[in-house]
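Here's the structure, in structure tokens; my notes come after.
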Amino acid sequence: MTVHSLSNSSAFQKLKQHFHQLSAQGVEIRNLFEQDSKRFDHFSIDAAGLLLDYSKNRLTSDTLNLLCDLAREQDVESQRAAMFAGEKINFTENRSVLHTALRAPKNTPQLVDGTNINAEVHAVLDHMQEFVRQVHSHQWTGATGLAITDVVNIGIGGSDLGPKMVCLALRSFAHSGITSHFVSNADGHALDEVLGKINPATTLFIISSKTFTTADTMLNAHSARRWFLRHFNEADLAKHFVAVSTNQPAVQAFGIAPENRFEFWDWVGGRYSLWSAIGLPIALALGFDHFRALLDGAHAMDVHFQNAPLGKNMPVLLALIGIWNRDVLGCNSLSIAAYHQDLRAFPNYLQQLDMESNGKHITRAGVAVDVPTGPVIWGDVGTNGQHAYFQCLHQGSDIVPVDFVAALRPQHHLAEHQLVLLANCFAQSQALMLGKSAQQVAAEMQAQGYSAEQIRLLTPHRTFDGNRPSNTILLDELNPASLGALIALYEHKVTVQGFCWGINSFDQWGVELGKVLAKAIEADLHSDANLTEHDSSTAGLIAQARAALRT
Ligand code: F6P
């Protein structure tokens with residue numbers, strides 16, 4: 001499979017020419033709406049219960065055709081087929097990428113190295129379902145016979161962000177009687193805060209780590225274990241500690257029995273793993289039926305992604321618009337504005353999904369990609385963001401595209417709030433697109449009785465350029481199925497972008513160096529060895545910490 005240098009590809013060259021033409025003609029998004037009264041119909045798409053409105057982007061149908069040509073030229077369709085066929089598209093680790101197999105229904109063959117993994121996947125789902133049933137029915141109790149009331153997930157990165165985000169997003173669907181906690185940070189304040197809230201007799205710890213070697217997770221897991229053993233005996237661990245990991249020997253060495261380990265596989269990347277047993281805290285918090293509905297929602301998006309033609313494929317369109325914004329318009333970040341309070345962890349979750357996947361610049365051919373790759377992902381919930389950083393989105397010197405995400409129906413009965421929320425969401429994308437001209441500002445100020453001098457002084461400050469791109473994704477309501485589809489939409493978007501850029505979206509070598517250096521510095525903090533091996537900044541900081549920690 002050949003991946004061409006993107007900027008040299010004929011499709012990319014044509015896209016750049018096309019952009020210059022649009023710019024030379026002074027075409028702005030607002031003009032495109034004036035020219036086509038049905039632009040919303042022509043530039044929006046429904047799939048798996050979601051609606052994506054991409055009409056408020058700086059693009060025409062010619063742009064989309066050229067972007068689809070680019071995707072074809074970069075072999076997106078054959079790479080997509082290779083992914084679903086279980087080929088080792090994670091080419092630096094020689095692994096298949098089959099998180100989609102985790103949400104495929106029973107009896108749909110999914111191949112890894114010629115072996116059908118569908119039955120194995122469903123065996124683990126059955127294991128999870130049975131465990132959840134036992135905990136919820138109080139058949140599984142703590143060592144003293146008390147029901148489990150608190151579940152503490154100890155994991156980091158993909159073994160934390162997905163489950164934490166989903167549990168928060170779907171809190172309206174939660175099973176009563178279970179309180180979920182998530183500890184990820186190696187900072188002892190995180191674990192200490194949770195330990196202060198729980199009773200060891202009614203707590204279940206899930207040690208979630210694909211590798212079971214991640215230092216932050218192991219530090220927290222061992223501290224939790226020591227804390228538990230201050231109240232209970234080793235023999236009682238079995239009722240209070242379970243593990244989710246691919247590493248059976250390490251789990252056993254920690255003291256967790258094989259039957260209390262939930263299996264997953266190396267063909268599931270950490271940041272794509274919430275659908276696997278890493279989702280156990282979700283199933284415990286929401287009940288297994290809701291977990292299954294989450295998987296089904298994601299599967300519906302998988303089916304759409306796998307089969308729809310490029311120009312009518314929601315994840316592909318989102319990916320290509322992202323490439324247009326990043327590589328042609330030159331936007332280096334993407335803001336996620338979630339207009340649902342329960343999606344407040346969503347931008348954070350997407351940060352890992354996107355930035356750990358596409359924060360790379362080396363192609364399959366081992367050379368640097370010649371266009372910018374994954375943007376910086378950041379954001380918050382509306383309306384909070386509006387009163388914090390939206391000023392910069394509207395009038396700052398950088399163009400920051402925004403993905404607005406909203407659910408039409410709320411989970412509460414405060415109908416008036418929902419109207420206000422949606423009005424704000426729609427108004428923000430409209431304001432970014434329309435802007436406000438100097439003439440409009442001056443006319444308004446005149447009508448309000450401002451003096452000519454005040455109008456002259458204030459008009460530039462009160463003018464908005466507009467022409468700032470955004471997408472809006474609408475869910476009917478935020479429920480397990482729609483959230484599953486939403487997450488899968490972004491997973492596939494990120495994947496398609498990686499395919500286009502020719503990078504490997506499924507490894508994460510970039511986090512390794514810091515881990516290795518931290519080990520060496522940790523040793524230096526323990527010892528009195530001289531610090532000449534380090535640069536003077538690091539040596540100075542270590543010396544400060546040594547002095548503070550030893551007094
Ligand atoms: O940060 C690197 C990383 O490997 C992530 O990709 C992963 O999600 C996280 O660490 C946790 O890894 P593990 O599940 O193996 O503890």
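Each ligand, and each atom within it, is numbered from 1 in the order the structure gives. The model shown is predicted, which means the values in this text are computed figures rather than measured ones.
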Non-hydrogen side-chain atoms of L295 and L125 separated by less than 4.5 Å:
yes
(Q) In the structure I gave you, are the side-chain heavy atoms of L204 and W140 within less than 4.5 Å of one another anywhere? (A) yes
Tabulating one pair per line, provide the atom names and distances (0.1 Å) for every N/O atom of ligand 1 that is less than 3.5 Å from a protein N/O atom.
{"residue": "ligand 1", "atom": "1 (O)", "partner": "E356", "partner atom": "OE2", "Å": "3.2"}
{"residue": "ligand 1", "atom": "6 (O)", "partner": "E356", "partner atom": "OE1", "Å": "2.6"}
{"residue": "ligand 1", "atom": "8 (O)", "partner": "G158", "partner atom": "N", "Å": "2.6"}
{"residue": "ligand 1", "atom": "8 (O)", "partner": "Q352", "partner atom": "NE2", "Å": "3.3"}
{"residue": "ligand 1", "atom": "12 (O)", "partner": "T214", "partner atom": "OG1", "Å": "3.4"}
{"residue": "ligand 1", "atom": "14 (O)", "partner": "S159", "partner atom": "OG", "Å": "2.7"}
{"residue": "ligand 1", "atom": "14 (O)", "partner": "K210", "partner atom": "N", "Å": "2.8"}
{"residue": "ligand 1", "atom": "15 (O)", "partner": "K210", "partner atom": "N", "Å": "3.4"}
{"residue": "ligand 1", "atom": "15 (O)", "partner": "T211", "partner atom": "N", "Å": "2.9"}
{"residue": "ligand 1", "atom": "15 (O)", "partner": "T211", "partner atom": "OG1", "Å": "2.6"}
{"residue": "ligand 1", "atom": "15 (O)", "partner": "T214", "partner atom": "OG1", "Å": "3.3"}
{"residue": "ligand 1", "atom": "16 (O)", "partner": "S209", "partner atom": "OG", "Å": "2.6"}
{"residue": "ligand 1", "atom": "16 (O)", "partner": "T214", "partner atom": "OG1", "Å": "2.5"}

message = Could you tell me if S482 and N479 have a donor-acceptor pair between their side chains, going purely by distance under 3.5 Å?
response = yes
TODO: Give a yes-or-no answer on whether the side chains of N153 and S208 include a donor-acceptor pair shorter than 3.5 Å.
DONE: yes
Requested in this report: Give me the ring orientation class for H127 and F262: parallel if the planes are under 30° apart, tilted from 30 to 60°, perpendicular past 60°.
Outcome: parallel
Quick one: sort the F305 and F84 rings into parallel, tilted or perpendicular, breaks at 30° and 60°.
tilted
